[in-house]
Amino acid sequence: MKRLIIMLLIACSAITTASADPTATPQKKAKSVIRSLEGIIAFYAEKGIQTLSVTKNPETGLIESSERIAPFTCQKEDLWTIPIGFSEDEPLSYQYMHLLPGNTELFNLKVVTNNGQKSKDVRIRTNSKQEMWFMCCKNPDNPQLRDAYAIVWEETTDKNVAGTVYMITSLRPDLYTKNQETAKNTFRIDGRVGYDLTDSLYVVYMADTSEELDKQADDAFIAYMPVKNKRFSFSVEIDKPKVGRIRTVMPDGSLCHLWTNLDFVPGETYQITTHNGYYDEDRDYERRVGRYSGKSLLNKRQIRGIDDVSVVDDADMIIDNVSVVDDADVMIADTVGVEDVETYLGRILPPEEAAKISARVKTIEADVQMIDETFDAIKNMRNTSYLQLEPHFKQILTLSKSIDTHFQGLVKVAKDNCLSPNEQVEMYKFIIDMYRYQNKKLNEVRTIRFTKSAQKLQKYITSQIEKYLDEMSKL
């Protein structure tokens, strides 16, 4: 990450949020969560009583489930990677929970095997004194499997805790078990709101055909879907497939100019997670009964705008002569040079403002390169004393604070030049990614116990991520 100027595509946004094609990004591994949990197991798990089991289908020989359950004891401060890891990978999940001590909700996880013929419940949270972090996501290698990650612990003394790590892969229960509350004629929407949104209300439209759906008036919706605890839901009894639409109600009561179309199929449940301008779709649903199956009643693209976005095929959308691309194309810092940023900013900002940003970009780039070099030096000193490591972590903290000063300058330029809220959100995303990158480098050099300066650096990075997430949520 030698050239972290990517985050300065900031102002640049014209990456209109209408762009994101939900089909473009395959399911990814929850790398941050896996790294955090494996770190706890490696350093603090009780080796003699860990559980590791694998179940294969006797007919096919394919893995249907695997369980890794590891009790551990450690100091409470040793769990600092857990909230960071789970928060980073939350967008990959379709079920996510964080329960604090005092919450009376207990939690079991259903594990399905034998091609759906057998199931059991694994007790995860067993009492109200435990803190629990939990998430489920689709297995990136096999869409019929579900990866579940959890950690629970409770305090044993003021500083010590005892808990258990769970890393469980199994057949997806939603594919092999029927929800008793869902009749065969019921279509359901099970929705979640991503961390980057503060949406509080959605509305639903329904019609027999795509053409009829497009002719419906804005006020022709059939139901409200209020958001409670970042979740929303809807169900309807239908005797044949229909088409529907989900649309956001803005804080001022107006309707968002973007929407999501999908197939309503009896007996099915569609899962969706909404984000700022895009959504994570239920790809398995789309393969079985939606537009990838050939059974879809929709003949147009799922995401559509009223005025400024024309309906096209699955090719890139072109909006205001700017090609909209997937986030993956712009998140790799090494692919964007100073010249690229300066050229772009020169087109959209007055010359004096572009010059200010150019100067800050070069300073940030130099500081990031020095941070990389310092982390590399720490890697080569892992067997030295803590006292020798202290100055290096102090230097990284100083550089991080210097970078934040320039970030604040960039934020000011963005606001002074009246960049749109969506453009400012993109800026904050890039800033947050820079701090996540630092956190990644910090994890790579983590020893059994951090020095005091390393702990201060970790706390600073966490506070910066929280600060900019808060700023982004206001937009």
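- The backbone N or O of Gln130 sits less than 3.5 Å from a side-chain atom of Arg125, completing a donor-acceptor pair.
- Salt bridge present: Lys120 and Glu67 bring a charged side-chain N and a carboxylate O closer than 4.0 Å.
- Across all non-hydrogen atoms, the minimal contact from Gln458 to Asn439 is NE2-OD1, 3.0 Å.
- Other residues, nucleotides and ligands contribute over 12 non-hydrogen atoms within 6.0 Å of the CZ atom of Arg231.
- Taking the side chain as every heavy atom from C-beta outward, Asp372 and Tyr437 approach each other to under 4.5 Å.
- Checking side-chain atoms of Tyr166 against main-chain N and O of Arg123 turns up a donor-acceptor pair under 3.5 Å.
- Put simply, the side chain of Asn380 gets close to the backbone of Asp376: a donor and an acceptor are under 3.5 Å apart.
- Judged by distance alone, with hydrogens and angles left aside, the side-chain atoms of Lys28 form no donor-acceptor pair with the main-chain N or O of Asp89 at under 3.5 Å.
- Residues Ser87 and Tyr96 are in side-chain contact: their nearest non-hydrogen atoms beyond the backbone lie under 4.5 Å apart.
- Looking at every heavy atom in both residues, Tyr460 comes nearest to Lys401 through OH-CA, 3.4 Å.
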For this session: Please lay out, stage by stage, how Lys76 and Glu131 fare under the test salt bridge (charged side-chain N to carboxylate O under 4.0 Å, His left out).
Result: CA-CA 11 Å; Lys76 189 173 182 179; Glu131 180 168 351; 5.4 Å; no
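- Between the side chain of Ser254 and the main chain of Met250, no donor-acceptor pair closer than 3.5 Å is present.
- Closest heavy-atom contact between Phe134 and Ala148: CE1-CB, 4.2 Å.
- Rounding to the nearest 0.5 angstrom, the gap separating the CD1 atom in Ile371 from the CG atom in Leu399 is 5.0 Å.
- With 3.5 Å as the limit, one finds no donor-acceptor pair spanning the side chains of Asp190 and Ser233.
- No donor-acceptor distance shorter than 3.5 angstrom exists from the side chain of Gln50 to the backbone of Arg68, with no hydrogens or angles considered.
- A donor-acceptor pair under 3.5 Å links the side-chain atoms of Ser93 to the main chain of Glu90, judged by distance alone.
- The pair Glu77-Lys459 does not count as a salt bridge, with every side-chain nitrogen at least 4.0 angstrom from each carboxylate oxygen.
- Inter-residue side-chain proximity for His98 and Phe86 is flagged as unmet; no heavy-atom pair is nearer than 4.5 Å.
- Atom CD1 of Ile151 is separated from atom CE of Met135 by 14.0 Å, given to the nearest 0.5 angstrom.
- Between Asp147 and Pro140 there is a side-chain heavy-atom pair separated by less than 4.5 Å.
- Aromatic ring orientation, Phe407 versus Tyr468: perpendicular (interplanar angle above 60°, classes split at 30° and 60°).
- For the pair Leu79 and Phe72, the minimum side-chain heavy-atom distance is below 4.5 Å.
- In summary, Lys138 and Asp282 engage in a salt bridge, as defined by a charged side-chain N under 4.0 Å from a carboxylate O.
- The minimum heavy-atom distance linking Thr156 with Ala162 is given by the pair CG2-CB, 3.8 Å.
- Between the side chains of Gln464 and Tyr435, at least one donor N or O sits under 3.5 Å from an acceptor N or O.
- A donor atom on one side chain and an acceptor atom on the other are not found under 3.5 Å apart for Ser36 and Tyr149.
- For the pair Thr274/Tyr202, a side-chain contact is recorded, criterion being any heavy-atom separation below 4.5 Å from C-beta on.
- Between the side chain of Asp78 and the backbone N or O of Gln75, at least one donor-acceptor pair lies under 3.5 Å.
- In this structure, Val249 and Leu255 have side chains that are in contact, with non-hydrogen atoms separated by less than 4.5 Å.
- Of the possible donor and acceptor atoms, one in the side chain of Ser400 sits under 3.5 Å from a partner among the backbone N and O of Ile396.
- In this structure, Asp158 places its CG atom where only 12 or fewer heavy-atom neighbours from other residues, nucleotides or ligands lie under 6.0 Å away.
- With sequence neighbours excluded, the residues forming a ring pair (Phe, Tyr, Trp, His ring centres under 6.0 Å) with Tyr285 are Tyr270, listed by chain and number.
- Looking at Ser65 and Leu171, their side chains never come closer than 4.5 Å, going by heavy atoms from C-beta outward.
- Across every non-hydrogen atom of Lys29 and Leu92, the tightest pair is O-CD1, 3.4 Å.
- Counted within 6.0 Å of CG on Asn127, heavy atoms from surrounding residues, nucleotides or ligands total more than 12; the atom is thus considered enclosed.
- Shown here are the side-chain hydrogen bond (donor to acceptor under 3.5 Å, both in side chains) partners of Ser170, two or more places apart in sequence or in another chain: Arg146.
- Under the ring pair (Phe, Tyr, Trp, His ring centres under 6.0 Å) criterion, Phe375 pairs with no residue at all, not counting sequence neighbours.
- Atom-to-atom distance recorded for His406:NE2 and Thr363:OG1 is 4.5 Å, nearest 0.5 angstrom.
- At a cut-off of 3.5 Å, with distance as the only test, no side-chain donor of Thr462 or Glu466 sits close to an acceptor on the other residue.
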